[in-house]
Visitor: 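Submitted below is the structure of interest, expressed as structure tokens.
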Amino acid sequence: MSNWSITALNPVQRKIVEHKTGPALVIAGAGSGKTRVITHRVAQLINSGVPASSILLLTFTNKAANEMAQRVARALNNSTDQLKIIHGTFHSVGSRFLRRNAKLLNYNNNFSILDSSDSRDLIKSALAETVGKPGKYFPKAAVLQNIFSLAFNRFCTQNMILESAFQDRSFHLEQFISADYPHFEDNTDSILNVLSTYRRKKKHGQVMDFDDLLENWLELLLRHGEGLPLCQQIQYVLVDEYQDTNQIQANILYQISKPHKNLMVVGDDAQSIYSWRGADFGNMLEFPERYQAVTYCMEENYRSSPEILEAANQSINYNTRQFEKNLFSSLVNGEKPAVHQVWASQDEAELVLDKILSFQDQDISLNEMSVLYRNHVQSAALQVVLTHAGIPFVVHSGVKFFEQAHIKDVTAFLKVLFNPLDEIAWMRLLRLLPGVGNTTAHRIFSVFQSQQAVRLTKNNHELQKLIPKKAHESWNIFLECFQEMLAENVKPSQMIGILYQNFYREIMFSSFENASQRETDIRYLEEFADNYEKLDNFLNELSLVGSSIITEHESEQQENQETLTLTTIHQAKGLEWQVVVVIGLTEGQFPHQRSLVTEAQIEEERRLFYVAMTRAKRQLLITAPVVSSGYSGGISQRSRFISELSEDTINTEIHSRDEYAYGSSRGTTQFYF
């Protein structure tokens with residue numbers, strides 16, 4: 001390794017890179033050069049004579065693994081040694097172990113790996129075999145797939161394998177359904193039977209899904225561990241983002257590092273934000289004691305201004321269950337984070353637009369700006385305002401509020417009310433009915449076309465003959481909703497409320513794994529529609545916004561096009577911008593209403609706020625609307641996360657109610673939290 005790569009490191013980084021042997025925990029604060037340290041550590045090991053093929057580097061994405069391997073190559077002056085490093089995600093490395101040793105678990109070496117779609121299809125087969133014709137609102141295969149995977153990732157432990165309990169996880173699944181899917185509790189026994197059939201089918205068909213790769217890898221290590229050639233080959237193990245590991249991944253690492261004890265894990269407990277998908281940051285907190293490990297703490301931040309770090313430190317220090325750390329920066333001073341208190345989400349959107357235009361005037365590119373939020377629903381009003389202003393934006397991860405399936409389902413109802421011969425909208429609606437597929441839907445729509453009108457009455461015998469028997473009840477409710485929605489002076493927002501409560505809600509909860517969040521989206525859509533008296537104006541607005549959004553792929557294709565990034569904070573982790581705006585800081589929205597039950601949940605929400613703040617390099621803006629689309633509706637309290645920031649840490653500005661008037665009917669009342 002070249003001399004400059006070592007001397008360029010700060011003292012703490014250098015100690016980590018030159019760590020000799022034995023377990024080590026690296027607490028890598030936000031923006032502290034985590035990736036650089038990991039890659040230099042690998043390069044240092046190889047440079048000191050450790051065979052590259054005896055190094056295991058585990059990450060959470062293939063992109064991160066490949067990037068680290070490339071950086072190792074550069075640190076080694078483009079040596080090819082990095083090609084021999086065993087590197088990848090837990091799942092990809094697990095599959096490598098299993099391919100070589102499948103017979104020890106009664107699998108063939110040529111077992112297949114199910115992708116998400118294949119897994120869902122096999123669950124459909126298990127569902128048909130086990131339940132036959134399930135009830136009207138029995139969870140669909142996609143929902144069952146999510147239930148099985150989340151239950152596994154949250155409840156799977158080492159003892160379960162030792163006790164051969166993987167074949168019957170009923171206790172944990174029952175507990176999970178009761179807590180997270182109470183609307184399916186009456187179907188618990190049937191769901192357990194589907195899981196049992198699904199597992200049997202996988203073993204019989206010599207296939208594994210993604211969760212099996214972890215489960216079977218750990219079982220392999222527990223039963224045959226130190227005798228496996230690959231285990232004997234691995235001398236050093238390095239893990240990135242250790243705070244995001246679940247229990248089974250932590251136990252895999254414990255087993256695989258047993259022979260040599262050279263396990264170095266890198267992460268930041270203050271950025272642990274994925275407990276909802278099984279991550280357990282307790283793995284990181286317990287690491288020093290479990291392994292009797294050396295602990296290093298990287299606190300120098302190379303990203304954000306001192307003012308932003310001061311606010312971030314102040315916020316995260318309210319958490320009690322964490323490693324103590326205090327980020328600092330040698331960068332030049334900047335401005336204090338700004339907190340803007342506005343009246344409603346529309347005013348918030350107008351203010352954000354104002355600030356974006358102002359930053360553009362300061363020659364800051366849209367590419368260097370981002371708007372972050374706790375939930376996608378919070379960006380809906382902003383998407384409309386940006387569209388009208390001609391500001392191009394990309395919704396990170398491609399998820400767009402008005403393009404989500406449940407939003408499109410609901411707006412399809414409104415489209416056929418406005419244009420009764422809209423084939424695309426009708427096909428979407430008709431397929432929501434039980435037993436109605438593409439063929440039946442086309443037949444029904446052909447009746448509409450032949451009649452040159454849509455006669456939605458129970459007396460339309462031609463239609464009634466086409467409706468499957470199992471769909472009769474839903475069809476009649478469907479018709480009643482339309483009759484009520486077509487009544488005189490019914491506003492778009494009222495139409496949404498009618499069809500959601502009477503027809504769509506039960507469909508949504510049986511079709512989507514995150515139905516509770518989607519219900520919040522529907523509630524916001526109803527609130528947003530209340531700004532429009534006429535259906536045509538509302539639909540025109542939706543069409544305009546939908547056509548203006550640039551996807552990530554399109555953004556990559558248009559390299560010369562500047563785009564503003566809109567993204568959830570979860571999606572923003574690991575990214576950075578010159579300017580970051582965090583919107584929706586009201587109680588019930590951020591922290592989220594469903595995260596106010598326990599102190600542990602609140603602390604994770606605070607970590608999420610910390611992640612949002614530390615994405616900003618030079619400018620951090622925080623907005624808090626009084627009238628929010630939250631669970632309680634009406635006047636909302638500002639987020640406790642704002643209240644926890646002292647006055648000398650932030651600049652607060654309270655905007656009058658009419659300053660960003662979204663219409664002409666508002667007064668000039670001042671408001672305070």
Side-chain angles (χ1 to χ4, degrees), residues 21-26 42 45 50-51 53-60 65 85-107 109 111 113 152-167 169 172 208-267 278-294:
T21 57
L25 169 65
V26 178
V42 173
L45 287 172
V50 174
S53 59
S54 69
I55 299 172
L56 171 61
L57 173 58
L58 286 166
T59 65
F60 275 84
I85 300 168
I86 304 172
H87 67 281
T89 65
F90 278 88
H91 293 88
S92 65
V93 174
S95 68
R96 199 178 313 180
F97 268 83
L98 292 167
R99 287 281 180 218
R100 296 187 182 187
N101 304 281
K103 293 188 184 304
L104 295 174
L105 297 179
N106 296 318
Y107 274 91
N109 290 342
F111 66 85
I113 298 175
F152 169 77
N153 280 283
R154 290 189 190 178
F155 292 108
C156 189
T157 65
Q158 178 179 345
N159 289 335
M160 290 174 60
I161 287 185
L162 293 175
E163 298 165 3
S164 299
F166 269 119
Q167 300 305 314
R169 297 201 296 266
H172 298 285
M208 299 185 196
D209 62 22
F210 288 155
D211 292 328
D212 294 328
L213 295 177
L214 298 183
E215 173 184 331
N216 292 332
W217 185 13
L218 180 54
E219 185 170 1
L220 185 69
L221 293 172
L222 285 166
R223 300 196 188 285
H224 308 282
E226 296 183 18
L228 300 174
L230 204 52
C231 282
Q232 295 171 348
Q233 176 183 326
I234 295 171
Q235 298 177 31
Y236 289 84
V237 181
L238 291 94
V239 186
D240 188 21
E241 304 286 8
Y242 186 69
Q243 78 280 350
D244 293 335
T245 55
N246 58 29
Q247 290 186 40
I248 195 168
Q249 289 163 331
N251 286 323
I252 285 171
L253 293 171
Y254 181 80
Q255 295 299 324
I256 208 166
S257 62
K258 257 185 176 181
H260 298 282
K261 310 293 184 186
N262 294 322
L263 172 62
M264 176 178 283
V265 299
V266 183
D280 184 357
F281 89 125
N283 291 335
M284 188 165 182
L285 296 182
E286 296 159 8
F287 189 91
E289 184 176 348
R290 183 179 189 182
Y291 289 90
Q292 298 301 301
V294 175

Visitor: Using 0.5 Å steps for rounding, measure from the OH atom of Y254 to the CG atom of L222.
Guide: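 So the OH of Y254 and the CG of L222 are separated by 10.5 Å.
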Visitor: Can you see which heavy atom on Q292 is nearest to which on P23, and at what distance?
Guide: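 Looking at all heavy atoms of both residues, the closest pair is O-CG, 4.2 Å.
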Visitor: Side chains of Y291 and V265: does their closest heavy-atom pair fall under 4.5 Å?
Guide: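 No; the side chains remain at least 4.5 Å from each other.
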Visitor: Atom CD of residue position E289 - does it have more than 12 heavy atoms of other residues, nucleotides or ligands inside 6.0 Å?
Guide: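 Open: at most 12 neighbouring heavy atoms sit under 6.0 Å from CD of E289.
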Visitor: Would you say the side chain of D211 lies within less than 4.5 Å of the side chain of N153, judging by non-hydrogen atoms?
Guide: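 Heavy-atom side-chain distance check passes, below 4.5 Å.
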Visitor: Is any side-chain heavy atom of N109 less than 4.5 Å from a side-chain heavy atom of K103?
Guide: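 Side-chain contact under 4.5 Å: yes.
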Visitor: Taking all heavy atoms of S53 and all of Q233, pick out the closest pair and write down the distance.
Guide: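 S53 and Q233 have their closest heavy atoms at O-NE2, 2.7 Å.
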Visitor: Measure across A293 and L25 and return the closest heavy-atom pair with its distance rounded to 0.1 Å.
Guide: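 Nearest pair, atom of A293 first, then L25: CB-N, 4.3 Å.
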Visitor: Would you give the length of the straight line joining atom CG of L214 to atom CD1 of I252, rounded to the nearest 0.5 angstrom?
Guide: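 With rounding to 0.5 Å, CG (L214) is 5.0 Å from CD1 (I252).
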Visitor: How far apart are the closest heavy atoms of G94 and W217, and which atoms are they?
Guide: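 Minimum heavy-atom contact is CA-CE3, 3.3 Å.
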Visitor: Side-chain contact, heavy-atom cut-off 4.5 Å: Q243 with E241?
Guide: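 Answer yes - side chains close enough.
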Visitor: For Q247 and Q249, test the side chains for any donor-to-acceptor distance below 3.5 angstrom and give the result as yes or no.
Guide: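 Not at all, the side chains of Q247 and Q249 share no donor-acceptor pair under 3.5 Å.
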Visitor: After noting the C-alpha distance and the side-chain angles of L104 and R223, does the key distance pass the side chain to side chain contact (heavy atoms under 4.5 Å, CB included) rule?
Guide: CA-CA 9 Å; L104 295 174; R223 300 196 188 285; over 6 Å; no
Visitor: If every non-hydrogen atom of F97 is compared with every non-hydrogen atom of C231, which pair is closest and at what distance?
Guide: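 Closest pair (atom of F97, atom of C231, distance): CE2-SG, 3.7 Å.
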Visitor: Find the distance between CG (L263) and CG (L253) and round it off to the nearest 0.5 Å.
Guide: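 Here the interatomic distance stands at 6.0 Å.
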Visitor: Flag the pair S257 / N262 as yes when at least one side-chain heavy-atom distance between them is below 4.5 Å, and no otherwise.
Guide: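 Side chain of S257 against side chain of N262, heavy atoms only: no contact under 4.5 Å found.
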Visitor: Are any non-hydrogen side-chain atoms of D212 and L98 less than 4.5 angstrom apart?
Guide: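 No, side chains not in contact.
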Visitor: Please round to the nearest 0.5 Å and tell me the distance separating atom CG of N283 and atom OH of Y242.
Guide: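 It is 4.5 Å, given to the nearest 0.5 Å.
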Visitor: Is there a side-chain contact between R99 and I113 in this structure, where contact means two heavy atoms from C-beta onward sitting under 4.5 Å apart?
Guide: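 When only atoms from C-beta onward are counted, I113 and R99 do touch, with a gap below 4.5 Å.
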Visitor: Would you indicate whether the side-chain heavy atoms of T59 and H87 approach each other to under 4.5 Å?
Guide: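 No, too far: nothing below the 4.5 Å cut-off.
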Visitor: Let me confirm one number: the CG-CZ distance from L218 to F90, rounded to the nearest 0.5 Å.
Guide: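 Between L218 CG and F90 CZ, I get 11.5 Å after rounding to 0.5 Å.
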Visitor: When rounded to the nearest 0.5 angstrom, what distance separates CD1 in I234 from CG in L230?
Guide: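 One finds 4.5 Å between CD1 of I234 and CG of L230.
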Visitor: Begin from the C-alpha positions of L57 and Y236 and carry the test side chain to side chain contact (heavy atoms under 4.5 Å, CB included) through to its verdict.
Guide: CA-CA 8 Å; L57 173 58; Y236 289 84; over 6 Å; no
